[in-house]
Amino acid sequence: MRFRPLAISVGLAALLGLAACGGSGGSTSGSAARAPASDQQRRLAPSASAAGPEQAEQDTTTAQISTFALDVDTASYGYARRTLQEGRWPAPGEIRPEEWVNAFRQDYEQPSDDGFTVHVDGARLPARDEAVLRVGLQTRASDSAARRPANLTFVVDVSGSMAEAGRLDLVKSALHKLLDQLAPGDQVSLVSFSDEAKLLASMTPLTARTQLHAAVDELETSGGTNLESGMLAGYREASGAFRPAATNRVVLLSDGLANQGATEWQTIVDQVKEYAGKQVTLLTVGVGRDYGDELMEQLADNGDGMAVYVDSEQEAEKVFTTQLPATIEVRARDAKAQVVFNPSVVESYQLIGYDNRVMSAEEFRDDSRDGGEIGPGHSVTALYALHLKPGARGQLAQATVRWQDPDTREAAESGKSLQTGDLNASIWDKTPVRLQVDVVVAAFAVYLRDRKAFGLDLPALREHAARLAGASEDPMVTELTTLIDKARSVG
């Protein structure tokens with residue numbers, strides 16, 4: 001995926017009717033041993049403030065079409081969770097609301113084929129003539145035993161900073177578990193990097209698991225972080241062992257704090273783009289207290305992949321033994337969504353998040369323009385805050401998703417519309433629990449990012465999260481309640 005960097009949007013501006021409050025966040029702290037992640041990121045990636053003017057609420061008389069590339073990253077939520085649990089307020093530039101919402105489970109119906117189901121719903125807000133619209137997209141899950149074979153090249157950061165507890169030790173444990181989960185038809189290679197890159201295992205069939213486990217055991221920390229060298233070595237290995245009938249993927253495991261070789265984000269990203277064009281996709285797995293969030297996200301986006309962050313054995317096990325084996329394949333390439341609003345019903349709208357995924361309306365059906373790569377069983381959710389025209393009735397919006405077949409590159413589309421009569425009368429009353437959860441998650445993310453009262457103050461967020469935790473019986477919603485408590489104590 002290759003996107004124009006855009007600024008952080010204002011957020012839940014149209015949700016002001018939910019509640020009113022002021023507030024401020026805490027500060028972040030760095031590591032004594034290394035420069036804070038925010039300092040590293042300023043050297044490695046474009047800042048939101050430098051990218052251009054903030055996205056504004058869109059008036060449908062001049063902009064009735066919203067288009068964006070799909071995104072299944074969740075790293076923003078994972079890293080912010082760790083930051084809050086440590087008693088720190090996340091840096092605003094690290095908060096991407098769409099990644100928070102997409103980190104939570106949805107209940108969208110799966111399609112019967114390899115395309116998408118499109119789910120569109122919404123609810124009215126307490127403020128007059130305001131509403132929230134949800135667009136949900138879902139691919140069909142697959143049995144990991146029935147998927148095509150995979151060529152996986154693991155590129156592991158073994159620089160000195162990875163010696164910190166919860167970094168290389170977590171990576172090694174996760175890799176050992178994954179090797180035991182992969183199928184006999186899969187192949188794995190292993191590259192490590194510090195000052196320079198080193199090939200520890202060339203592409204090896206999973207029938208030789210013992211050899212691969214031994215290669216993982218060789219991983220030891222030393223030296224600096226030449227991320228460029230590691231990425232190039234990994235991609236060369238993946239390209240040299242490329243199997244047309246297999247899924248070919250590079251998996252980068254790092255704190256993303258490059259300090260040797262090419263450290264400018266654009267240099268590394270340009271090299272990743274080239275290999276992405278050769279059907280070698282990328283997964284970035286972030287670890288560590290100080291973490292190069294923006295660089296890892298840019299790498300994943302430009303490498304036709306996704307970015308996740310793990311901060312515990314539990315999270316690593318979920319990613320490497322549950323999610324990765326089942327979602328190694330790519331279900332849809334260059335996937336994009338477009339929502340067309342009816343200007344006679346919708347006065348204005350605002351997309352929550354997806355700030356650096358926005359595309360022009362013309363790019364939706366331009367198949368030369370990159371979109372997002374989506375795997376089996378993935379759901380993508382987008383929320384819109386709406387101002388409705390008083391008393392207007394009729395079709396509210398039409399949502400369409402377009403994607404390409406991973407093998408044939410044949411394009412396909414699926415869509416669904418929503419009428420004003422289909423809106424739930426109140427967001428908090430008889431509205432699907434998952435929609436309510438999505439609104440609370442997005443509101444919390446925007447509150448942390450902008451430190452303003454967009455919609456819900458922290459006490460109100462906490463109240464709704466606690467109620468929804470009981471209604472959904474979802475551990476992640478219970479965790480959300482705890483995180484809101486952490487934010488209140490920090491702020």
- Hey, what's the ring geometry for W89 with Y447, parallel, tilted or perpendicular (30° and 60° as the breaks)? tilted
- Applying side-chain contact (heavy atoms from CB on, under 4.5 Å) to A197 and not counting sequence neighbours gives V191, F193, S229, A233
- Sequence-distant partners of Q338, side-chain contact (heavy atoms from CB on, under 4.5 Å), two or more places apart: I65, T67, V340, A361, F364, R365
- Any side-chain donor near an acceptor of the partner, S161 and D255, under 3.5 Å: yes
- Note on the structure: S189 meets the side-chain contact (heavy atoms from CB on, under 4.5 Å) criterion, sequence neighbours left out, with T153, M203, E237
- What heavy-atom pair brings A80 and I95 nearest, and what distance separates the two atoms? CB-CD1, 4.0 Å
- Look at R82 together with E315 and state whether they make a salt bridge at an N to O cut-off of under 4.0 Å. no
- R462 and D485 ion-paired at < 4.0 Å: yes
- So does R409 pair up with D334, basic N to acidic O under 4.0 Å? yes
- Query: Counting N and O atoms only, with roles assigned by atom type, does the side chain of K336 sit under 3.5 Å from a partner on the main chain of M359, one being a donor and the other an acceptor?
  - Reply: no
- Query: Can you name the closest pair of heavy atoms from L182 and I328 and give their distance?
  - Reply: CD2-CD1, 4.0 Å
- Between the main-chain N or O of A183 and the side-chain N or O of D186, is there a donor-acceptor pair closer than 3.5 Å? yes
- Any luck finding a side-chain donor-acceptor pair between D438 and Q106 under 3.5 Å? yes
- Message: Tell me whether E86 is salt-bridged to R289, with the criterion being a basic N under 4.0 Å from an acidic carboxylate O.
- Response: yes
- Item | Salt-bridge criterion met for D270 and K273 (N-O under 4.0 Å) | yes
- Taking R331 for the side chain and G377 for the main chain, is one N or O donor matched with an acceptor at less than 3.5 Å? no
- Task: Could you tell me how the ring of F68 sits relative to the ring of Y354: parallel (under 30°), tilted (30 to 60°) or perpendicular (over 60°)?
- Result: tilted
- Task: Specify the closest pair of heavy atoms between Q260 and G224, including all atoms of both residues, with the distance to one decimal.
- Result: NE2-CA, 3.5 Å
- Item | Atom of D157, atom of S254 and distance for their closest heavy-atom approach | OD2-OG, 2.9 Å
- Message: For a quick test of reading the model, state the closest non-hydrogen atom pair linking E329 to S142 and the distance between them.
- Response: OE1-OG, 4.1 Å
- Message: Parallel, tilted or perpendicular, judged at 30° and 60°: which one describes the rings of Y79 and Y291?
- Response: perpendicular
- Message: Has S379 got a side-chain atom pairing as donor or acceptor with Q138's backbone, closer than 3.5 angstrom?
- Response: no
- Message: Closer than 4.0 angstrom, basic N to acidic O: yes or no for R357 and D71?
- Response: yes
